[in-house]
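Working notes, structure below.
First the proteins, then the strands, lettered A, B, ... as listed; each starts at 1.
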2 protein chains.
Amino acid sequence: MKFATVALATSMALGASALVTATAEAKTIETRWADVEVETVAEGLVRPWGIAFLPEGRLLVTEMEGRLRIIEADGSLGEPIRGVPEVTVRNQGGLLDVALAPDFETSNRIYLTWSEAETSGSNVTSTAVAHAVLGDGELHNLTTIFSQYPKVEGGRHYGGRMVFSHDGRYLYVGLGDRGHQMKESQDLDSHTGTLIRLYANGEVPQDNPFVGQEGALPEIWSYGHRNIQGIDIQPSTGLMWAVEHGPQGGDELNLPEPGKNYGWPLITHGEAYGGGQMSETISFNKDGMELPVWHWTPSIAVSGMTFYDGDAFPEWQGNVLAAGLRGQVIARLEIDGNRVIHEERMAVDYRIREIRQGPDGYLYLLTDERDNAKVLRLRPAQ
Amino acid sequence: MKFATVALATSMALGASALVTATAEAKTIETRWADVEVETVAEGLVRPWGIAFLPEGRLLVTEMEGRLRIIEADGSLGEPIRGVPEVTVRNQGGLLDVALAPDFETSNRIYLTWSEAETSGSNVTSTAVAHAVLGDGELHNLTTIFSQYPKVEGGRHYGGRMVFSHDGRYLYVGLGDRGHQMKESQDLDSHTGTLIRLYANGEVPQDNPFVGQEGALPEIWSYGHRNIQGIDIQPSTGLMWAVEHGPQGGDELNLPEPGKNYGWPLITHGEAYGGGQMSETISFNKDGMELPVWHWTPSIAVSGMTFYDGDAFPEWQGNVLAAGLRGQVIARLEIDGNRVIHEERMAVDYRIREIRQGPDGYLYLLTDERDNAKVLRLRPAQ
C-alpha cells in the first residue's frame, strides 16, 4: 500500500456532500477496489470508545474517562453531556459504548455501557447497560437494565459493545472474561465471557437458549468468549457476528449462535504471552466447541467491526471491516455464507478503537490516544 | 519471515532418517509453528511438473518436455524412462502429472497426463490420461483411458492434475478451459473447464452427476473451472478439493461437489489483465454458481496443493498447503469444515510447480525452471 499525505487548504475544500466536514489533513490508501482517503473529522478527544450517528450529521461519542459528547457537523466538540453514569476508570474500565434506540427519532433514547462499581469508587466492578433520554446537554431518566454478574476486582476485559437486531426488538451485548477468571467463561451461572440478548427494555426474551435451565443465567446467548470488542448485524441475513480479542494471537471473528460454546479458555489459536502453546490442556478444537469463522494470528488486537452495505464502496458490500489497535489496520474480509473467502488489510497507522458505517456510507473510525484522539473517516479518494 | 542459509559440509550430514538425502544448501523459514528447513533433494531437472513417491525413497518425476525420470534416494537422476506418450510440447503443454495406481505395489501401474495431439506433431491438442506398467527403464502396456473433448488449437490451460480417492476406486482429473474458449466452461457437452471422475480403469462411474443427461458428457464431476492446477483428498472427510488459476487475481480453492458450477467465466474475483473488472457481465457471484472456499487476489499463480496429515509438522495436520508460481510462496490454510479460518504464507523464493506430502511426512516441492530445476523438501529445522 502506498500513502500520500494531502494537505487541504481549508476544511471547506472537502465539499458539502460529506456528513461531517473534515478539518485537517487527509491521506490515501491504495486498495484493490478503491483508493481510500482517510480524513480527520474531529480531534481533541481522550480515549474515545463508542460512536453513534445523530441526525443532521452530528455524532455522539463516548470517552472512557466518563464523558459523552456531541460532535457537531463542523467537527467541533460539544461540552460533556451531564447525567452519565458514574464510571470506574481503571485500566480497560470506563464509559464504553453508546447506541441509539431503534425508535430514537421519536424517543430520543440512547443506550450506554460502562464499568459499574459495586459501591461508589470501588474497584469491584462489572459491565452494565443503561438507557436514558438525551435532552439538551443532559441525560434524563437514566435506567440501568443490566449488570454483569458477578462484579469482581480488576479492570480488564469488560467487553461492552452493543448492537440492536434489525427489527429493533433485541439488544445484543458482548461481555468479557474479566481477565483473571478465565475459566468462568465456560460456566453458565455467571455472565463472565458471554454474549447476552435482551429486549430493548432490558427484559429477557423467553426464547433465549438457557431460559428455564437450572443454574444458567437467562440473558446468555452464547458463551466461551474472551473479550468481545466488536459486534454487528449481517445485512443479508440479520445474523449477529462478533469479534473478540484472543491472547497473544487468536483474535477471532465468530458467528455466535444461540446456546453455543466458543471455547475460551479451552480452545484458541492464540498462544501464551511470550510464546508457545497456552498449556497442554488447551488446543485448537474440542468436541462441542465452535471454531471461529476467522482468526488473526499474529493478533491485530481486534477492536470494533462493522458490516459494510453502503454505496460509497460498492465492491465492499457484504464485507466485514474489522479494526485493530496494535495492528493499526482495517481488515476487510469478503464473506460467503459463514465463510471468509479473502482478507485485505489497510494500514491506517493509528490504533483504532472502533469502526462504524455512517448513514452517508462512509466509514467512521475512533483512534485510541489519550491525547488528541480523532474521529477519522474513510471515503473514496477524489 | 527470516531466512538463514546453512551450508552443509556434505550431503551426508543430513542423516539417514530422511527419505531422500539432500544434496545441497538448506535455508530456514521461520513460521508460526515451526522453523522450516528448505533442502534441495535433487537438481538438474527441466520444467518438472508432477511427482510420485516410489518405494525405498525413490521419486518419479515428469518433465514437461516429455521425460519421466526416477530420482534415486541419493538424489541422482535416472535416464528418461522409455515408452512415455508422444507429447506436444508447446507453451503450457507437455508431459504433465504422474500418479501411482492404488495397487502399485502389486501392479507396478502408473498414470500419466499429457497434452495429446490430434495427429503426430499437430497443434490441435487436449489433455489425455493413460496408465502403463512401470518396468525396468520403460513403460509397458500404455493404455489411453481418457482424452479431453474437444481437441483444439493453442497451448494453454490444460489442467492435468490427478488424485485417487482414498478407497482407490475413483480417479479425479482436473482440466482447463484451454485459454481461448472460456465460455465452453459453462457447457456440459465438452470437457472444457471441467473436473472429471473415472474409475481407475477409465470407465465412467454410473453415479457421476450427468450420466444419462442428454447432451452432457458423463465423465464430468463439476464444471465452470478455469485451469485446475492442484487437487487432493481431505484426510478427515475423503472429499476432493482443488485449486485453480484465476485471471489476474482470483486464484481459487474450491471444494468441487458433484454437478455443481464453479462459475468461470461468469463469476470470478480476478480482474482483466491490466486492471479493472473483467467485463460488465462478470461479477463476484450469481445464482446457481458456487463461490470459492478461498481466493488469492492478487494472484499467487497457484499451482499444486496438498492436505497435510504427517507427523513432521503436527500443528499443520488438516491444513491445506498450496504452492505459487509467480508468488514464490507456500500458502498454509487452516481449515474448519468447508472454511478457511487462517492463512500463513512462507516465502520459498522459487517458482513452485507442485507440492506433495511424502510418505516420510515431509513436503516435496518441484521448482519451475527450464534450467536446473529442483526437488525441494520442507522439514522441521534441527
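Atom CH2 of residue Trp33(B) and atom OG1 of residue Thr297(A) lie 8.5 Å apart, to the nearest 0.5 angstrom. In this structure, CZ on Arg339(B) lies 7.5 Å from CG on Leu255(A), to the nearest 0.5 angstrom.
For Glu252(A), no part sits under 4.5 Å from any heavy atom of chain B, backbone or side chain. Proximity to chain A (any heavy atom under 4.5 Å) is shown, for Asn285(B), by neither the backbone nor the side chain.
Minimum heavy-atom separation, Ile341(B) to Leu291(A): CD1-CD1, 4.5 Å.
Note on ring orientation: taking the six-membered ring where Trp is involved, the planes of Trp294(A) and His342(B) are tilted (angle from 30° to 60°).
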